[in-house]
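Letters go in sequence order (proteins before strands), and every chain restarts at 1.
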Amino acid sequence: MIKITLPDSSVKEFPDPVTSLEIAQSISPRLAKEVLSATVDGETWDLTRKITKDATVKLNTWDDREGKETFWHSSAHLMAEAIEFFYPGTKFGIGPTVDTGFYYDIDLPDGQQIAEKDLQEIEKKMLELARQKNDIVRKEISKGNAMEMFTQKNDELKQELISELEDGTITLYNQGNFTDLCRGPHLPNTGYIKAIKLTFIAGAYWRGNENNKMLTRIYGVTFPKQKMLEEYLIMLEEAKKRDHRKIGKEMELFTFSEAVGQGLPLWLPKGAQLRMQLEDFLKKVQKMYGYDQVITPHIGDVKLYKTSGHYEKYGKDSFQPITTPAEGEEYLLKPMNCPHHCEIYKAKPHSYKDLPLRMAEFGTVYRYEQSGELHGLTRVRGFTQDDAHIFCRPDQLKDEFKKVIDIIFIIFKALSFDDYTAQISLRDPENPAKYIGSAENWDKAEKAIIEACEEKGLNTTTEKGEAAFYGPKLDFMIKDALGRSWQLGTIQVDYNLPERFNLEYIGADDNRHRPVMIHRAPFGSMERFVAVLIEHTAGKFPLWLAPEQAVVLPISEKYNEYAQKVSNILNNSDIRTVVDDRNEKIGRKIRDNELKRIPYLLIVGEKEKDEETVSVRRQGEGDIGLQQIGEFARFVADEVKGQLSGLYN
RNA sequence: GCCGGAGUAGCUCAGGGGUAGAGCGCAUCCUUGGUAAGGAUGAGGUCACGAGUUCAAUUCUCGUCUUCGGCUCCA
């Protein structure tokens, strides 16, 4: 008998050997049906693998990440089996799982290609193979045998993978006519897979290296129930409807022009209105937190970026310097604001009493992004950071860091981003060449971030190797209304730039000291943030942000004049109002303006004109009754205040 | 930058070797209306750009640009 410890710490005895599937069966038949894999002493195992000693066992279902991974990993094999059926001789690279689903990188034989339209055939074959409920069988194999097998198959991709594995740890998995090199784990048989969608096809470099061969990557997602696939497809549809590029065009927020250049957004009046609203909001919050606004030019001497280290790091892959005609001086389009702000710091000597100094700027920066990278407003070549740099004494660092976290919380609250996570990005200790500055300063900076997060009670994950080259950082990721994650705000601790720019302050001891810098951008970039906001709200912005807050709809042309009067009064009360005086019936005007996502529709006709009122209709809700014009103005002002109440003075 | 799609009216898209279409939008007129699409008429296109093949190219070929899905990258 062996003892199995379950997650609730209960211990059960089983005959030796036992499989996780048998353990599940002993608990409940239903669990046995749902369980997909098991975590045995911290390692994910096949359900059918024999446990021969005392162990801790966690049973993974669809609701566990490990369960889904097992499911999708087996699905990748199923896809490979189907592909091998249609394209014999295909070489298989790697077939891992991703957040939603899986992919397999394949090398098709002699110049054959798979097109989107071929995916359906493969899906069909996969379903057919799944229905056969073929057992998926694990087999341990020696390195030599593995090598021989894939040499015979002429699959040099797998040979390369095997050559890097240690003998004794190599396993194969077989199902039907298909055998793959794989660490596992896998489902007991292919019959678990009930619903399949191959989503797209793309090129991908072998092992992610652009010097390697380009393979064909096929992405797919599978589910244990048909209904789950349907829900997933509905979600995809919804995401498509919310695409900020589509809504941005519809709502006339921004545009791009080939004539201006790719990746260079043009903000249209309504988009500019929205963006300025966000900027004004953040300015007010920053004022409350003791920030000073500064303004710096869009270009800077190349030497400035040589000093900062950015030129060495990114110069080659950037927009190249602008050279002045007569003197041949070299200027760079500003790729970031920090060097300029460092120079502002240096404009005069500082006492320890001056610190912290908080310098904020909505600074537009230009970065060369590879053409294939550009994407709507989320990835552009010219964008505006809601940047600020805090210069402080080392003893102030942690407090300042915590205050920045507070500002980020205020923003999340104002915009109802309720679901967020935070990631601490540290340096990669294996790869010190990627970073500038001393190990000692890095240690200090990393410690400050970790402690500040702990003291704020922030739930964080930690990633090594994700730090910026000059310092570690804390990034905030929000989940939008569809559950998709977006990286927004960032806070970075930096001991290095102050050193490179030789920044100093005079301490109480009358000696020169080095300040510490915090780089921070709660929105990240205005472009990206607006894009996320559009997708999160589907363009139905909160009242305080809506580019047009109210539209007046005269019942007939006879009331156009009164409508204009209402609009003027409201605009004078800072309520952004327009008039729809088209020659259309009221039903039509209501429909069109609802679709334009304007929060309030004000209908005016004979009655309203006589009584100096408006008939108020709230977007998505319908008629909410008559109000005096002034009353409506206060009503809107109160609602805006309510949305931002307590967030700033 | 790399692999693979796409580019036709302001928008969404159909078409196809012989001088170009729909719906929506826009304009004008009729209608003057009460809470999600009233009617008529009309304007609007170098079919992304440049070469080539052809009697003839928007259509076929090549190149360029832009865009979309990925890959790589992201201070």
Side-chain angles (χ1 to χ4, degrees), chain A residues 98 103 105 113-117 199-219 243 245-246 249-250 252 255-263 305 308-315 317-318 334-339 365 367-376 378-381 383 385 387 435-436 466-471 473 487 490 492 494 497 519 521 524-525 528 553-560 582-596 601-608 615-625:
Chain A
V98 291
Y103 65 80
D105 282 347
Q113 286 202 339
I114 294 188
E116 302 266 353
K117 59 182 186 324
T199 43
F200 43 76
I201 195 162
Y205 302 111
W206 169 234
R207 320 205 81 177
N209 184 330
E210 56 187 318
N211 299 319
N212 285 345
K213 184 169 187 183
M214 176 74 70
L215 305 179
T216 304
R217 174 172 298 182
I218 303 177
Y219 282 90
D243 190 317
R245 293 168 299 186
K246 178 175 178 292
K249 201 181 272 182
E250 269 169 30
E252 299 178 0
T255 189
F256 289 89
S257 155
E258 280 190 33
V260 172
Q262 54 177 339
Y305 305 102
S308 70
H310 290 105
Y311 189 77
E312 192 197 340
K313 199 83 188 167
Y314 297 103
D317 311 317
S318 241
K334 177 164 79 173
M336 72 249 317
N337 306 300
C338 24
V365 297
R367 295 180 185 176
Y368 168 78
E369 303 285 357
Q370 301 186 75
S371 58
E373 282 312 321
L374 301 171
H375 181 94
T378 58
R379 195 76 187 270
V380 287
R381 286 179 168 172
F383 59 97
Q385 295 177 313
D387 210 356
Y435 311 97
I436 57 170
E466 292 290 306
F469 75 89
Y470 50 75
K473 56 182 184 170
Q487 199 220 298
T490 179
Q492 309 174 356
D494 183 1
L497 282 192
H519 308 241
S525 94
R528 187 182 165 76
L553 312 180
I555 296 270
S556 83
E557 283 174 0
K558 283 188 283 189
Y559 312 107
N560 281 357
R582 291 176 306 160
N583 180 7
E584 292 292 349
K585 287 189 171 180
I586 193 65
R588 178 56 179 273
K589 291 188 190 179
I590 287 169
R591 178 183 154 82
D592 289 349
N593 286 287
E594 284 274 352
L595 291 175
K596 281 166 85 176
L601 311 191
L602 306 175
I603 291 139
V604 298
E606 188 72 32
K607 191 169 52 177
E608 290 81 4
S615 178
V616 183
R617 194 187 151 101
R618 204 199 309 257
Q619 125 102 333
E621 285 179 33
D623 197 353
I624 59 171

- request: Could you give the distance separating B/A48 and B/G7 at their P atoms, to the nearest angstrom?
  value: 8 Å

field: A/Gly263 or A/Glu466, whichever maps to the more 5' nucleotide of RNA chain B
entry: A/Gly263

task: Rounded to the nearest angstrom, tell me the gap between atom CG in A/Asn560 and atom P in B/U31.
output: 16 Å

message: In whole Å, measure the gap between the P atoms of B/G18 and B/U61 for me.
response: 15 Å

message: Under 4.0 Å, heavy atoms only, any strand: does A/Phe200 hit a base, just the sugar-phosphate, or nothing?
response: sugar-phosphate

- request: Please state the P separation for the pair B/U64 and B/C2 - nearest whole angstrom.
  value: 9 Å

message: Is the shortest side-chain heavy-atom distance between A/Asp592 and A/Arg582 below 4.5 Å?
response: yes

query: What distance, rounded to whole Å, do you find between the two C1' atoms, one in B/A57 and one in B/A27?
result: 34 Å

message: So, taking the atom named CD in A/Glu606 and the one named NZ in A/Lys558, what distance separates them when rounded to the nearest 0.5 Å?
response: 6.5 Å

query: Can you check whether A/His375 has a side-chain N or O nearer than 4.0 Å to OP1 or OP2 of B/G70?
result: no

Rounded interatomic separation in angstrom, taking CD from A/Glu369 and P from B/C71: 15 Å

statement: Whole-Å distance, A/Asn211 CG to B/C73 P, equals 11 Å

- prompt: Where the side chain of A/Arg617 meets the backbone of A/Glu594, is there a donor-acceptor pair that is under 3.5 Å apart?
  reply: no

- prompt: How many angstroms lie between atom CD1 of A/Ile603 and atom CD1 of A/Ile586, to the nearest 0.5 angstrom?
  reply: 5.0 Å

query: Reckon A/Gln370 has a side-chain N or O less than 4.0 Å from the OP1 or OP2 of B/C73?
result: no

query: Just how far, in rounded Å, is P of B/U67 from NZ of A/Lys249?
result: 11 Å

Kindly give the atom pairs (protein nitrogen or oxygen, nucleotide nitrogen or oxygen) under 3.5 Å for nucleotides 2-9 of chain B.
from	atom 1	to	atom 2	distance (Å)
B/C2	O4'	A/Tyr205	OH	3.4
B/C2	O2	A/Tyr205	OH	3.4

query: Rounded to the nearest Å, what distance is computed from the CG atom of residue A/Asp494 to the P atom of nucleotide B/A75?
result: 13 Å

- line: Base-pair string, RNA chain B, Watson-Crick plus G-U, cut-off 3.5 Å on both distances, | for inter-strand, is (((((((..((((....[..)))).(((((.......))))).....(((((..]....))))))))))))....

task: Provide the distance between the two C1' atoms, one in B/C47 and one in B/G42, to the nearest whole Å.
output: 23 Å

field: P-based separation of B/A6 from B/G10 [nearest Å]
entry: 23 Å

query: Nearest heavy-atom pair of A/Phe383 and A/Ser525: which atoms, and what distance?
result: CD1-CB, 3.4 Å

task: Answer with yes or no whether A/Arg528 presents, from its side chain, a donor or acceptor under 3.5 Å of a partner atom in the base of B/C74.
output: no

message: With a 4.0 Å limit, can you tell me whether A/Arg245 has a side-chain N or O closer than that to the phosphate oxygens OP1/OP2 of B/U67?
response: no

field: Between B/G10 (P) and A/Glu250 (CD): distance, integer Å
entry: 18 Å

task: Establish, with yes or no, whether the OP1 or OP2 oxygen of B/U67 is under 4.0 angstrom from a side-chain nitrogen or oxygen of A/Gln262.
output: yes

- prompt: Between A/Val604 and A/Pro554, is any pair of side-chain heavy atoms under 4.5 Å apart?
  reply: yes

query: From A/Asn212 CG over to A/Arg207 CZ, what is the distance, rounded to the nearest 0.5 angstrom?
result: 8.5 Å

statement: d(A/Ile114 CD1, A/Thr216 OG1) to nearest 0.5 Å is 6.5 Å

- line: Result for side chain to side chain donor-acceptor pair (under 3.5 Å) between A/His519 and one of A/Thr490, A/Asp494, A/Asn337, A/Asp387 points to A/Asp494

- prompt: Taking the same atom, P, in B/U59 and in B/U54, what whole-Å distance lies between them?
  reply: 16 Å

query: Whole Å only: how far is the CD1 atom of A/Ile218 from the P atom of B/C71?
result: 15 Å

- prompt: If only atom types and distance count, is the side chain of A/Ser308 paired as donor or acceptor with the main-chain N or O of A/Tyr305 below 3.5 Å?
  reply: yes

message: Test your reading of the model: is there a side-chain donor-acceptor pair from A/Arg217 to the backbone of A/Asp105, 3.5 Å cut-off?
response: no

query: Is A/Tyr470 touching bases, backbone alone, or none of the nucleic acid, heavy atoms closer than 4.0 Å?
result: sugar-phosphate

message: Has A/Glu312 got a side-chain atom pairing as donor or acceptor with A/Gly309's backbone, closer than 3.5 angstrom?
response: no

- prompt: Just wondering, are more than 12 heavy atoms of other shown residues or ligands nearer than 6.0 Å to CD in A/Glu250?
  reply: yes

message: With rounding to the closest Å, how many angstrom separate the C1' atoms on B/C60 and B/G17?
response: 8 Å

task: Can you tell me the distance, in whole Å, between the CZ atom of A/Arg207 and the C1' atom of B/C73?
output: 20 Å

field: Protein proximity profile, nucleotides 33-45 of chain B - base contact B, sugar-phosphate-only contact S, no contact -, cut-off 4.0 Å on heavy atoms
entry: BBBBBB-------

- prompt: So what does A/Arg381 touch, heavy atoms closer than 4.0 Å: a base, only the sugar-phosphate, or nothing?
  reply: nothing

query: Parallel under 30°, tilted from 30 to 60°, perpendicular over 60°: which one fits the rings of A/His310 and A/Tyr470?
result: perpendicular

